[in-house]
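Structure first, then comments.
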Amino acid sequence: MKLARVIGTVTATAKDLQLVGATLLLCDITDGLDNVVSAAQVATDTVGAGVGDTVLITTGSAARMAAGSAGMPVDATIVAVVDKVTLAK
């Protein structure tokens, strides 16, 4: 899994039928200090995340295992909204 920050939404009117009804969010992959390490990853949302939220994203075949995304042609799925990140000093 990867930490990410939701930075926007994605709207696609023409899409695969399995994506109908799915919420697509634009996310920056971040490190533990909230620095962007990879920008602009589109992910399906299964937990009701919103812009500004820190989230956990699962990618690859694991992205299709999350509840609500089985069988979808996706490569990234938001599976949790993060409440807090704590780093050891």
Side-chain angles (χ1 to χ4, degrees):
M1 289 186 278
K2 300 175 183 180
L3 280 173
R5 184 177 348 99
V6 179
I7 60 167
T9 61
V10 176
T11 302
T13 54
K15 57 187 162 250
D16 186 284
L17 288 177
Q18 292 178 323
L19 291 174
V20 172
T23 301
L24 303 175
L25 297 177
L26 190 61
C27 301
D28 284 341
I29 306 301
T30 60
D31 63 14
L33 297 173
D34 205 34
N35 299 309
V36 176
V37 295
S38 179
Q41 170 87 42
V42 177
T44 55
D45 178 30
T46 63
V47 296
V51 173
D53 285 342
T54 298
V55 296
L56 283 179
I57 292 181
T58 187
T59 58
S61 60
R64 294 179 291 282
M65 298 171 105
S69 66
M72 286 184 173
V74 298
D75 188 48
T77 299
I78 296 169
V79 294
V81 175
V82 175
D83 296 316
K84 182 179 177 181
V85 174
T86 304
L87 298 175
K89 294 185 180 191

In Å, rounded to the nearest 0.5 Å, how long is the span from [atom1] of [X] to [atom2] of [Y]?
| X | Y | atom1 | atom2 | value |
| --- | --- | --- | --- | --- |
| Leu24 | Leu19 | CG | CG | 6.5 Å |
| Lys2 | Ser38 | NZ | OG | 7.0 Å |
| Thr30 | Asn35 | OG1 | CG | 8.0 Å |
| Ile78 | Thr44 | CD1 | OG1 | 7.5 Å |
| Thr77 | Ile57 | OG1 | CD1 | 8.5 Å |
| Asp75 | Thr59 | CG | OG1 | 6.5 Å |

Single-linkage hydrophobic cluster, 4.5 Å side-chain cutoff, Leu25 and Val55 together: yes
Hphob cluster co-occupancy, Val81 + Leu3, side-chain heavy atoms under 4.5 angstrom: no
Residue pair Arg5, Val36: steps toward the side-chain contact (heavy atoms from CB on, under 4.5 Å) verdict: CA-CA 9 Å; Arg5 184 177 348 99; Val36 176; 3.9 Å; yes
Those residues that, when tested against Leu26, pass side-chain contact (heavy atoms from CB on, under 4.5 Å) (two or more places apart):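 Per chain and number, Leu26 pairs via side-chain contact (heavy atoms from CB on, under 4.5 Å) with Ile7, Val10, Ala40, Val42.
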Which residues share a side-chain contact (heavy atoms from CB on, under 4.5 Å) with Asp83, sequence neighbours left out: none
Crowding at CG, Leu17 (>12 non-hydrogen neighbours, <6.0 Å):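 Open.
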Considering all heavy atoms, the nearest Ala39-Asp28 contact: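 The answer is CA-OD1, 3.3 Å.
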Heavy-atom pair with the smallest gap, counting every atom of Gly50 and Val6: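 Taking every non-hydrogen atom into account, O-CB, 3.3 Å.
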Heavy-atom donor-acceptor pair, Asp16 side chain to Gln18 backbone, under 3.5 Å: yes
